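Here the structure is laid out as structure tokens; the discussion comes afterwards.
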Amino acid sequence: MIKKIKNEAVDSLFDAILTLETKEECYSFFEDLCTVNELLSLSQRFEVASMLRDKKTYLEIAEKTGASTATISRVNRSLNYGSDGYELVFNRMKESD
């Protein structure tokens with residue numbers, strides 16, 4: 001998958017994101033970068049991934065997050081067969097607690 005998205009523009013975006021130091025800076029940058037719905041969709045997927053890792057059922061996840069079963073399934077596929085990006089982030093978040 002990385003080969004499909006890797007290009008100079010994406011590299012530049014990721015470099016910009018890596019300069020952010022606080023949640024407030026993230027809010028400012030992502031509010032300018034994304035629509036409200038895009039940002040809410042990203043955060044919903046992240047919440048779905050967290051709940052899937054916690055062994056919640058699709059029904060529980062759909063009820064709590066409002067995500068469709070298609071979205072839950074897509075996130076589940078990424079967790080199981082993706083590039084391990086979710087796992088990397090969840091492990092780092094756990095270490096920083």
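In this text, all values refer to a predicted model and were calculated from it rather than measured experimentally. These numbers come from the heavy atoms of this one structure, side chains and all, not from hydrogens, waters or symmetry mates.
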*asked:* I need the minimum non-hydrogen distance between Leu79 and Ala49, along with the two atoms involved.
replied: CD1-O, 3.7 Å

*Under the 3.5 angstrom rule, does the side chain of Ser12 hit a backbone N or O of Glu8 as a donor-acceptor pair?*
no

*Main-chain N/O of Glu24 paired with Ser28 side-chain donor or acceptor, under 3.5 Å*: yes

*Would you say Asn7's side chain and Ala9's backbone share a donor-acceptor pair under 3.5 angstrom?*
yes

*Go through the steps for Leu40 and Val36 under the test side-chain contact (heavy atoms from CB on, under 4.5 Å), then give the verdict.*
CA-CA 6 Å; Leu40 292 176; Val36 171; 3.7 Å; yes

*Crowded around Glu38 CD? As in, over 12 foreign heavy atoms under 6.0 Å?*
yes

*Leu20 and Leu33: same hydrophobic cluster, using ILVMFWY side-chain contacts below 4.5 Å?*
yes

*Could you list all the salt bridge (charged side-chain N to carboxylate O under 4.0 Å, His left out) pairs where at least one residue sits in residues 60-77, not counting sequence neighbours?*
Glu47-Lys64

_Using 0.5 Å steps for rounding, measure from the CG atom of Asp32 to the OH atom of Tyr27._
14.5 Å

*Can you see which heavy atom on Phe29 is nearest to which on Ala16, and at what distance?*
CZ-CB, 4.2 Å

*Following the transitive rule for hydrophobic clusters with a side-chain heavy-atom cut-off under 4.5 Å over Ile, Leu, Val, Met, Phe, Trp and Tyr, establish whether Leu13 and Leu39 coincide in one cluster.*
yes

*Should Phe30 and Phe14 be regarded as members of a common hydrophobic cluster, given that ILVMFWY residues are connected when their side-chain heavy atoms come within less than 4.5 Å of each other, either directly or indirectly?*
yes

*State whether a side-chain donor-acceptor pair under 3.5 Å links Asn80 with Asn76.*
yes

_Exercise: identify the closest heavy-atom pair between Leu52 and Ile72_ = CD1-O, 3.8 Å

_Nearest 0.5 Å, please: how far is CE in Met51 from OG1 in Thr65?_
6.5 Å

Side-chain donor-acceptor pairs of residues 85-95 under 3.5 Å, sequence neighbours excluded:
unit_1	atom_1	unit_2	atom_2	d
Glu87	OE1	Arg53	NE	3.3
Glu87	OE2	Arg53	NH2	3.0
Asn91	ND2	Glu87	O	3.2

*Could you check if a side-chain atom of Ser73 sits within less than 4.5 angstrom of a side-chain atom of Thr69, using non-hydrogen atoms only?*
no

